[in-house]
Each structure stands twice: as C-alpha cells, then as structure tokens.
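One structure below.
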Amino acid sequence: GALQEPPKAQLQSLINLYSQGQYRKLHNKILQLLKKFPNSTNLYNIIGASNQQQGKLEEAIEAYKKALSIKPDLAEANNNMGITLRKQGRLEQAIEAYRKALSIKPDYAEASKNMGNALKEEGKLEEAIAAYTQAIAIKPDYAEAYFNMGNTLKIQGKLEEAIEAYSKAIASEPDYAEACKNMGNTLIGIMFTKPNRDIQKAIVEVLDNGTFVRPSDIAKATISLLKLEPTLHKHLQLGFDEIKQNFLDIISDLSELSLLLKLMSICPLPDLGLENLFRKLRASLLLSISDITSSPELLNFQSALALQCFTNEYIYSHTEEEEKILQSLSARVRKTLKCNEQPSPQSILCLASYKALNKYDWYMLLAISDQIKDVVARQIEQPNQEKKLKRSLPVLVEITDKVSSEVRAQYEESPYPRWVNLGLALQPMTISEVVDVIGLKLHDNKVTGVKKPEILVAGCGTGQHSIEAASRFKDSKVLAIDLSLSSLSYAKRKSEELDIKNMDYMQADILDLAKLERQFDIIESAGVLHHMDDPMAGWKVLTYCLKPGGLIKIGLYSEIARQHIVEMKQEISNASIGSSDAAIKSFRATVITSDQNHHKKILDSGDFYSMSTLRDLLFHVQEHRFTIPKIKDHLDKLGLKFCGFETKQIVSHFTRTYKAKDDPYDLDKWQSYEEANPRAFDGMYQFWCQKVDRD
C-alpha cells in the first residue's frame, strides 16, 4: 500500500513554518505534498490549524473533516475541530468534538481543559470545573487548567477557592502573568479564614513582579492571611516587657514569613496590631543595639522594618527615651565615620527605621554593603535622583492662585503617596476595548476611532495614576501635570524605572491649562478638583481642553461617605491642632485609643497608616465634597454626559438591585443607591463622562 504520511523531518519543517506564521509558504508546500500523500491526516490537521490561526474558520473545519473522514479516531483533529467551533460560538458542537477526542484518548488533558472552557462559556460552571479537575488529574502541574478553574470559581463568587486555584497555576508556572494579575485582582477586599502557605508563596510572586497590582489594594487581604500563622498570632498578643526580653527570637520567627517582609518593604501596613508589634521591636532593637550580634535574619528584618517606616513616612510614634538614645547613636556613627571606619549595619538600619538616612548629615560617608543596599537605594539614592530630575522639569507658567500655592506647598513638603509597586495593564487596549471593559455608555462613538489618543492627566501626584493611564491606552501619548515639583520628580523617576516612554511631565495649575493651547482625546483628573478654591472653575478649564466627543474621568469626594471625616476635621479645627508632623502624630495617637464610633471608622482607612496620606485625609488645606445631584447639575452646565462609574466592585454591587440595562447610567438611581449604602463611595466617586455638542 502507498505510504500514508510524509517522513518525520518533512512534517517538522511544516510545523516550523506554522510556528513562524509563514502560512502562505506552508500552504504551497502542503499542496505539493498532498499529491504524493493524499491520505495524510497530519497534512490536513496542519492546514486546519493554520487556517484557524488566520481566522479562516470554515476552511479550518473543512480540513479537519477531511482528516477525520480518512481516520475517524484521530483525537488531535477532534480537539482542533472543537477549538475552531468554539471560536465560531458553536459551543454545543465544540463540546461534542472534545467528547469525541476524549473517548478516543481518555488521558488527553488539553481536550479536557478545552472542554472546560466551552462549558464555562455556556454558563455550565459546575461541569466546567469537573472538566478542569479531570485535566489536572491527568496532568497535575497543568497551569492553564488551574488558571481557567480560578476564573470559573471567581464567577461563582468562590473567591478563596479561586485564589487557591490561581496560586497552583503560579506554583507550576511562576511567570504566568495572567494568573498573577487575576490573583492580584481577586485578593482585593477579601478576608482569609484559614492559613495557607502556598497562597503566601504565590502572593510573593505576584508582588515580586512589581506591576501586577497595587500592594496597598491587597494589603488587608494579605495581612488577614499572615495573621492566621500561629507564630505571628502569638507574638501579636505580647506586651512590651515580653517583647523586650525575647525580641531576637521573635524577629527570627518573623523573618521566616517572607511574605510579611516583602509587604513591609513595599507598602504601609494598615493594621494596628502589626504597628504595635513593629514599634515595640524597633524600640527593643534600639535599646540594646550595642549588645546584639548581627545575623542574616536580623539584618533582613531590620531592612524590611526600615523600609516600612520610610514608606509610611515615620508615622509610628516614639518615646523621649528613644529620642535620647537615637541622638547618641547618631553621634557615635558620625564619630566612627569621621575616623574612616564603617559603623555596624545593624546600627545604620536601626537609625534608618526612625528617620531617613538622607536626613543625617553624615550619610555621604557611608559605604554601601549588601546588608544596607536596599535601604540606601530607597532612602538616599532615589531621593537624590529626584532632586536631579526636579531641575529638568518644564514649567507651564508660574503658579499664582492663592489656594493652588498653599496646596502646592503641602505636596512639595509631603509628596503623596510614597509607593513602590503598581498595577499595569498586561496589554495596552484601544479606546473601544477600554470602554467595553469598564462598561461605559457612549453618546457619540467618534472617539473609539481615535488610533493614537492624546491624554492629559491633571493632578498626577507621584505618578501611579499617570503611569497606569499610559500603560492602559494603546499608542497613547500622555501629558501629566501637577502643582508639586517634588511629586512630579517622584513620578518621573518611577516612569524611567519602569521604562514608560509615552509620558511627559510638566508643572502646571489646572487654572492655567488654556495657555497650553492644546486639546485632548481623554482627560483624567481624580482627587484633584475638590482641593481647588473653586472646583467648578477647574472643571470648566478641563472641559475646554477636551476635544468634542472626548472622554473625561473625574474623581470627587462624597459628602455622604465622608461624614465621619467631616466630624474629625471639625474636631481638629476646634482644638486648633496644627498640621506639623508632631501634631498629626499626637492626634493620631488619641484616635487609636478612642472608643468613639467615627474614630473607629477611620482606622479602616488605608490612608490612616502613612503620614502624607493621613495629612491628605484629615489635615488638607482645602477640601470640597459633592453629592450626586450636585454632580448631575455640574455635568448639565458643562455640556458633559454621564457614561458610567469606573469602580468595578461598586458597579457589580449596584446591579444586584438595579437590574435594567440602562440603570448604571442613571444618576437618579445612583442617588437612591448611595442613600441606601452611605459608605459605598468611601474612596471617592470615580466616573467617566463625554463632551457632547449641544443641540
């Protein structure tokens, strides 16, 4: 009988062309080979796959049918047929094809996983999970099956199980970006109920990457998981005397929790129990700094602690006794350095946990050893780099508005917030993809045709917002402005570190933006207008700088959600508490021990746990608050149409009650929703609108 299949080497060269995407060349070769091997199922299978890659789905199905007519028990062709049918949305038939593949080859893990995907799309979630479970039983380290299982569990609202599935995907494949990203997003707002070391390991992977999620967004979830660790749980119960006696043992226990050290080093920890423990450990270290011998665990912990205190801008209070010892320790270090010797790394890290190293007059004389290099980078090198960048930043015009100048002074002194990691889009998206993802309702679709959007971020602070915008929109060019040069230089340093090329920074006041003589496709301004003397004047200027049909995202404080903050601002003003660091710390200490309800509420806010965010929250020089009817009124006056809220969690909670298709775009419905859920907009209202031509 004639040979059925071409030789292995020939098939391999075809597969190479396929993986290089050289489809035309591939087709010509296969047509030649089919003359000699008219019954080759492999050739038809490869044609099918290449047609499918090019989106020629009908041709792909024809090719698979041909292969199966020659040899019906070909599992691969059935599986590929399923993939193509699913792409066409023919889910029933796709599932049938996968079933056939599995009846021929029961241990075909990929077909099981594919079947799970089709079942998930059909909304048969339990069956989908069964299919993924089967795929994993065949292939225990099947990252993709775990990932899809996580997505399915998430749809079912089984968040802790979803996180467990993602963590298994990450354990099998540590650089699995989609799994890390989805895991990061699923952690937001969750509280763990049982300890799990594997999930801890996966969160470390997520955080190590640096661009999957804002650590502050998952800090509470992560801390809830860590506090289920018996050792940490035990140490959190201890009084100061017990800690003082055993602090080296406690530190050695804590340094085994690599997730704890990781989180300490990149974001403020919003937890009073941990704050207490760290404050007592910091004092114990200081009190016996001349008697302790260093060890790798000790230095690791000290480094994480110094980074924690730097990131929360030294918000922890300390006693006069500690202050005295600090003075003499600093004097000893100065003397050692003057004699051309280097002080011990533990004494440097001890000082760095009370005050940034660049604030000591001897820091230039430090030799950078491995033990202190992370702290030196964050507390000396990066601030120095920012000083240099500051000199090169362009300025639109000198800032003259009185309130703008006061706000600027606050942020020059205290750039807000200090951050290390953030959440970037895995793939930049077109405007219409972003509109779909957020679920916005456009009133004019012209803007979705813009290929290279010009974006203005008005009030970019230290750059998290502007860098996220630059990574979110495909082929965009972003101009980010702020009043504060300190904030801008921080933002510029981070943009360079992350290699973000489509960004320009400029010092400018929103009130002066008309002088740019430029209009933008998209403008984002979150948390800015409510700090202006007249928010409406600023909003008017931004609308003027927006192209007709353009989109603008605004973030404003809610009057209803901030009632407890209004009450506290009143207390602060009645008691004439100043806004110096010392005054803020002493007020904070009274709030921590208070049992008044509105004081307790503020402890839930992540902003309570670092200096610049707390100053922003309670001691801002200027603040306005809004209600939904007031926003509605402003939009009418400005010729803007409401397109929807940005915050996913809030919108999905809203749609449980308000089920009609257009409800999410109806501000009157949102008004009733907020009255029923007064804390919904705790952060702020963040919403999109569109500039429409007035008829």
Side-chain angles (χ1 to χ4, degrees), residues 214-217 219-220 267-272 275 308-309 311-317 403 406-419 459-462 464-465 482-484 486-487 490 525-532 535 554-594 596-626 647 678-686:
R214 290 190 184 194
S216 56
D217 286 347
K220 282 189 179 163
C267 88
L269 301 188
D271 185 89
L272 289 175
E275 174 172 329
Q308 172 60 26
C309 295
T311 309
N312 69 36
E313 296 149 300
Y314 301 98
I315 199 160
Y316 297 168
S317 52
V403 170
E406 285 173 18
V407 172
R408 175 191 167 183
Q410 174 179 326
Y411 291 124
E412 290 296 4
E413 187 50 45
S414 172
Y416 156 88
R418 264 187 198 167
W419 60 277
C460 66
T462 47
Q464 274 184 306
H465 182 173
D482 201 85
L483 293 167
S484 149
S486 305
S487 300
Y490 194 108
S525 185
V528 182
L529 295 174
H530 51 226
H531 292 315
M532 297 180 72
I554 297 288
L556 299 168
Y557 285 150
S558 153
E559 183 72 63
I560 295 179
R562 283 175 85 83
Q563 275 315 299
H564 59 301
I565 291 166
V566 175
E567 218 174 314
M568 284 173 81
K569 285 172 89 79
Q570 199 53 56
E571 276 165 40
I572 291 165
S573 132
N574 293 347
S576 328
I577 298 166
S579 60
S580 69
D581 284 6
I584 292 178
K585 277 188 195 179
S586 118
F587 178 72
R588 183 176 185 269
T590 60
V591 171
I592 288 174
T593 55
S594 157
Q596 291 189 52
N597 205 4
H598 65 294
H599 288 167
K600 283 197 181 128
K601 263 187 201 167
I602 204 105
L603 302 180
D604 281 342
S605 165
D607 289 347
F608 189 74
Y609 297 88
S610 89
M611 205 63 191
S612 64
T613 54
L614 181 59
R615 173 175 275 120
D616 197 78
L617 184 70
L618 294 178
F619 295 83
H620 204 288
V621 294
Q622 176 74 307
E623 171 180 317
H624 295 271
R625 289 170 304 278
F626 291 78
T647 324
R679 295 289 298 274
F681 293 101
D682 248 2
M684 48 185 153
Y685 301 117
Q686 293 208 49

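For this chain, numbers begin at 1 and follow the sequence in order. Only a predicted model underlies this, so the values are computations on that prediction, with no experimental measurement involved.
- At a threshold of 4.5 Å between non-hydrogen side-chain atoms, the residues Ser484 and Gln410 do not count as touching.
- The side-chain tip of Arg615 does not point at the ring of Tyr411 from less than 6.0 angstrom away and within 45° of straight on.
- In this structure, Asp607 contributes its side chain and Thr613 its backbone to no donor-acceptor pair below 3.5 Å.
- A donor-acceptor pair under 3.5 Å links the side-chain atoms of Glu412 to the main chain of Ser486, judged by distance alone.
- Side-chain contact check for Tyr685 versus Ile554: every heavy-atom pair is 4.5 Å or farther apart.
- The backbone N or O of Cys460 sits less than 3.5 Å from a side-chain atom of Asp482, completing a donor-acceptor pair.
- Note that the NE2 atom of His564 and the CG atom of Asp604 stand 8.0 Å from one another [nearest 0.5 Å].
- At a cut-off of 3.5 Å, with distance as the only test, no side-chain donor of Glu559 or His624 sits close to an acceptor on the other residue.
- The minimum heavy-atom distance linking Gln622 with Val407 is given by the pair CB-CG2, 4.5 Å.
- At distances below 3.5 Å, not a single donor-acceptor pair connects side-chain atoms of Ser525 with backbone N or O atoms of Val528.
- Summarising the geometry of Ile315 relative to Ser610, their closest heavy-atom pair is CD1-C, 3.4 Å, with the distance given to 0.1 Å.
- The only member of Glu623, Met568, Arg562 that meets side chain to side chain contact (heavy atoms under 4.5 Å, CB included) when paired with Leu617 is Arg562.
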Stepwise side chain to side chain donor-acceptor pair (under 3.5 Å) test for Gln686 and Thr647: CA-CA 7 Å; Gln686 293 208 49; Thr647 324; 5.1 Å; no
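- Judged by distance alone, with hydrogens and angles left aside, the side-chain atoms of Tyr609 form a donor-acceptor pair with the main-chain N or O of Leu603 at under 3.5 Å.
- The aromatic rings of His531 and Tyr557 sit perpendicular to each other, their planes meeting at more than 60°, with 30° as the lower class boundary.
- Two residues are said to be in side-chain contact when any heavy atoms from C-beta on lie closer than 4.5 Å; Ile584 and Leu618 fail this criterion.
- Trp419 contributes a side-chain N or O that, together with a main-chain N or O of Thr462, makes up a donor-acceptor pair within less than 3.5 Å.
- The two residues Gln308 and Leu269 have their closest heavy-atom pair at NE2-N, 3.1 Å.
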